[in-house]
There are 2 protein chains.
Amino acid sequence: MNVFLIHAHPEPKSLNGSLKDLAVETLTGLGHAVQVSDLYAMNWKAVADADDFPNRAHPDHLNYAYESKHAFLGGTQRDDIAAEQAKLLWADAVILQFPLWWYSMPAIMKGWFERVYAYGFAYGVGEHAGERYGDRFGEGNLLGRRALVSMTVGGRESHYTPRGVNGALDDVLWPIQHGMLFYPGMAVLEPFVVYQANRITPEQWADIADRYRARLRGLFTDAPIPFRRQNGGHYDGRQVLKDGLGGGETGTRIHLVQPGDPPEYPLPPR
Amino acid sequence: MNVFLIHAHPEPKSLNGSLKDLAVETLTGLGHAVQVSDLYAMNWKAVADADDFPNRAHPDHLNYAYESKHAFLGGTQRDDIAAEQAKLLWADAVILQFPLWWYSMPAIMKGWFERVYAYGFAYGVGEHAGERYGDRFGEGNLLGRRALVSMTVGGRESHYTPRGVNGALDDVLWPIQHGMLFYPGMAVLEPFVVYQANRITPEQWADIADRYRARLRGLFTDAPIPFRRQNGGHYDGRQVLKDGLGGGETGTRIHLVQPGDPPEYPLPPR
């Protein structure tokens, strides 16, 4: 299988760098093909701006989404953007490796999503009319791929438990896992997390590496997070969860399929 | 009073640009002093990297947090970073103006937080020992300031309701409002949001402007979101919410003070 690893850390000798190297070694050893986009090493352009569109539809007023659609459909995207899209389409699984900075991914990786996720490629896909609001959240051009967040965290694990002061880990990662990965159709696995990442001893690293290798071995077999598909029948025409679903939960967890829920509609043929 | 507006949109003639201009005009008219950091216009350096530290403590291994502490305490920060910190300290209120891109702020603004929020300035503040995990979440160097997120959203309002497919608005904004604004001590107001921002008619703009002016008039009087303070007595020594609190809620809403909760400890004298 093909694995695309997107890596964002400025120090190659960091824990993130070690996890990236371990993933490449482990996955290659398992017989997979691996491509890595090391965003800092590539000097990735982080800011979505007018320079992304040498051939503007509207030179006098920049609407980034509109220009990204124009460039994507017209084949005038910048090479750096098109190359990353090709890697996503090549991949059977996508891994994000990053340190959690201010409860989100580093800016350089956020800018990767803003620029690579063009209108027509990652959003604005499918019919938008009446009760239909596109092919997204479980459908889209990246359907059939798996996604894994592998990250390091400075704080303690207790801070990210369901009652921890930072918010539950799945709430902190909601914009990323649901909003960026599930949105264009990827099946998202439980994240791999190393807490208190600034205090890792050699003994702890051996344990971390063992845990991560196990997760990498399960990349194509572990059960994904059961996010509800937008067009799976659980949401109404305003994309609001139907009455009777999500009982017993509030917050983001209402958007997980729960035991006893009616089965989702099958995916349409592609 | 002093208001610091941080603006992130690449097109001055955009709806975000209009909201920024309206805020400056309205706040100035109310007698406030206003400073604006227009990140795109400033060509703000979005990526946190080694170039931020001309005077490295450890030239051979970049730990961004450690070097930011070294630069902050040693007075060797880059001028662009120190200037933004000075604006934060000058301000009585901070407004973030941005389009919601992929369920978060634009990369250029995320990079502003990564670079300006130095160790010792915005985190790593206060005692970290035993059950004490710093002055954060309601305490810190930005205590006494108010914060307001003003943002535009492409999708429909129903998508961001408590049962909407994108997740509730307060969950989507949790990493920003709780994790970036409340963290160093600011009191966070309810966000000001314009939905379906790509379809605004002149009549709608008049209404939006009226609504925003009303929010700006309330900048120093509206009640903030009642996030619990980390050191207010509601969390235990692992920074986990104590038993008996948060009843009836799950997810991020357990971290709001609720009627009937015991009063929080008073803030320590400064």
Side-chain angles (χ1 to χ4, degrees), chain A residues 10-11 13-14 40 46-50 60-65 101-111 113-114 117 133 137 154-156 158-159 161-168 171-172 174-176 178-180 183 198 228 230 235 238-241 246 249-255, chain B residues 10-11 13-14 40 46-50 60-66 101-108 110-111 113-114 117 133 137 154-156 158-159 161-168 171-172 174-176 178-180 183 198 228 230 235 238-241 246 249-255:
Chain A
E11 173 55 63
K13 298 188 294 290
S14 62
Y40 274 93
V47 176
D49 61 17
D60 294 336
H61 185 114
L62 177 63
N63 178 315
Y64 195 89
W101 285 350
W102 294 107
Y103 304 99
S104 187
M105 56 177 55
I108 198 171
M109 184 178 275
K110 178 62 170 34
F113 279 93
E114 292 170 11
Y117 267 25
Y133 201 87
F137 294 123
R156 300 175 187 174
S158 66
H159 302 173
T161 54
R163 295 173 65 82
V165 70
N166 289 352
D171 283 330
V172 172
W174 173 257
I176 295 173
H178 188 264
M180 301 184 206
Y183 190 104
N198 287 315
R228 301 179 192 274
Q230 171 176 287
Y235 298 94
R238 299 176 308 134
Q239 282 69 56
V240 171
L241 191 63
E249 299 284 359
T250 62
T252 63
R253 294 186 63 82
I254 67 172
H255 300 290
Chain B
E11 172 55 63
K13 298 187 295 291
S14 62
Y40 273 92
V47 176
D49 61 17
D60 294 336
H61 185 114
L62 177 63
N63 178 315
Y64 196 89
Y66 189 89
W101 284 349
W102 294 106
Y103 304 98
S104 187
M105 56 178 53
I108 197 170
K110 178 60 170 38
F113 280 93
E114 291 169 10
Y117 267 25
Y133 201 86
F137 295 122
R156 300 176 187 174
S158 66
H159 303 172
T161 55
R163 295 172 66 81
V165 69
N166 288 353
D171 283 330
V172 172
W174 173 256
I176 296 173
H178 189 265
M180 301 183 205
Y183 190 104
N198 287 315
R228 302 178 192 275
Q230 172 175 288
Y235 297 94
R238 300 176 307 135
Q239 283 68 54
V240 171
L241 191 62
E249 299 284 359
T250 62
T252 63
R253 295 186 62 83
I254 67 173
H255 300 290

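By convention in this document, chain letters (A, B, ...) are assigned in the order of the sequence lines, proteins followed by strands, and residues within each chain are numbered from 1. None of the values given here were measured: they were computed from a predicted structure.
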Which is it for A/W174 and B/W174 under the side chain to side chain contact (heavy atoms under 4.5 Å, CB included) test, yes or no, and what are the steps along the way?
-> CA-CA 9 Å; A/W174 173 257; B/W174 173 256; over 6 Å; no

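Atom CH2 of A/W102 sits about 11.5 Å away from atom CE of B/M105, to the nearest 0.5 Å. Taking OH of B/Y103 as the start and OH of A/Y183 as the end, the distance is 5.0 Å to the nearest 0.5 Å. Considering CG of A/L62 and OG of B/S14, their distance stands at 9.0 Å, rounded to 0.5 Å. To the nearest 0.5 Å, atom CG of residue A/N166 and atom NE2 of residue B/H178 are 7.5 Å apart. Of the inter-residue distances, the one linking A/E11 atom CD with B/D60 atom CG reads 9.0 Å to the nearest 0.5 angstrom.
Both the backbone and the side chain of B/S104 have a heavy atom closer than 4.5 Å to some heavy atom of chain A. Contact of B/P162 with chain A is made through the backbone alone, with heavy-atom distances under 4.5 Å. Neither the backbone nor the side chain of B/A50 has a heavy atom closer than 4.5 Å to any heavy atom of chain A. For A/A46, the parts lying near chain B are the backbone and the side chain together; criterion is any non-hydrogen pair under 4.5 Å.
Under the 6.0 Å cut-off for aromatic ring centres, B/Y133 and A/H159 qualify, their centroids lying closer than that.
Under the rule for a side chain to side chain donor-acceptor pair (under 3.5 Å), the partners of B/H255 that lie at least two apart in sequence or sit in another chain are B/Y235. For B/R253, the side chain to side chain donor-acceptor pair (under 3.5 Å) criterion is met by B/D170, not counting sequence neighbours.
B/K110 contributes no side-chain N or O that, together with a main-chain N or O of A/G111, makes up a donor-acceptor pair within less than 3.5 Å. Using a distance-only test at 3.5 Å, with no hydrogens or angles considered, a donor-acceptor pair links the side chain of B/E114 to the main chain of A/A107.
When A/R163, A/Q239, A/M180 are compared by the number of non-hydrogen pairs under 4.5 Å with chain B, A/R163 comes out ahead. Per-residue heavy-atom pair counts under 4.5 Å with chain B were compared for A/V172, A/D171, A/T161, and the maximum is reached by A/D171. Ranked by heavy-atom pairs under 4.5 Å with chain B, the first of A/N198, A/L241, A/I176 is A/L241. Of the listed residues (A/G246, A/P175, A/G154, A/P10), the greatest number of heavy-atom pairs within a distance under 4.5 Å of chain B belongs to A/P175. Per-residue counts of heavy-atom pairs under 4.5 Å with chain B were compared for A/K13, A/R156, A/H61; the largest is that of A/H61. Per-residue counts of heavy-atom pairs under 4.5 Å with chain A were compared for B/Y64, B/Y117, B/F113; the largest is that of B/Y117. Taking B/A168, B/G179, B/G251 one by one and counting their heavy-atom pairs under 4.5 Å with chain A, the maximum is reached by B/G179.
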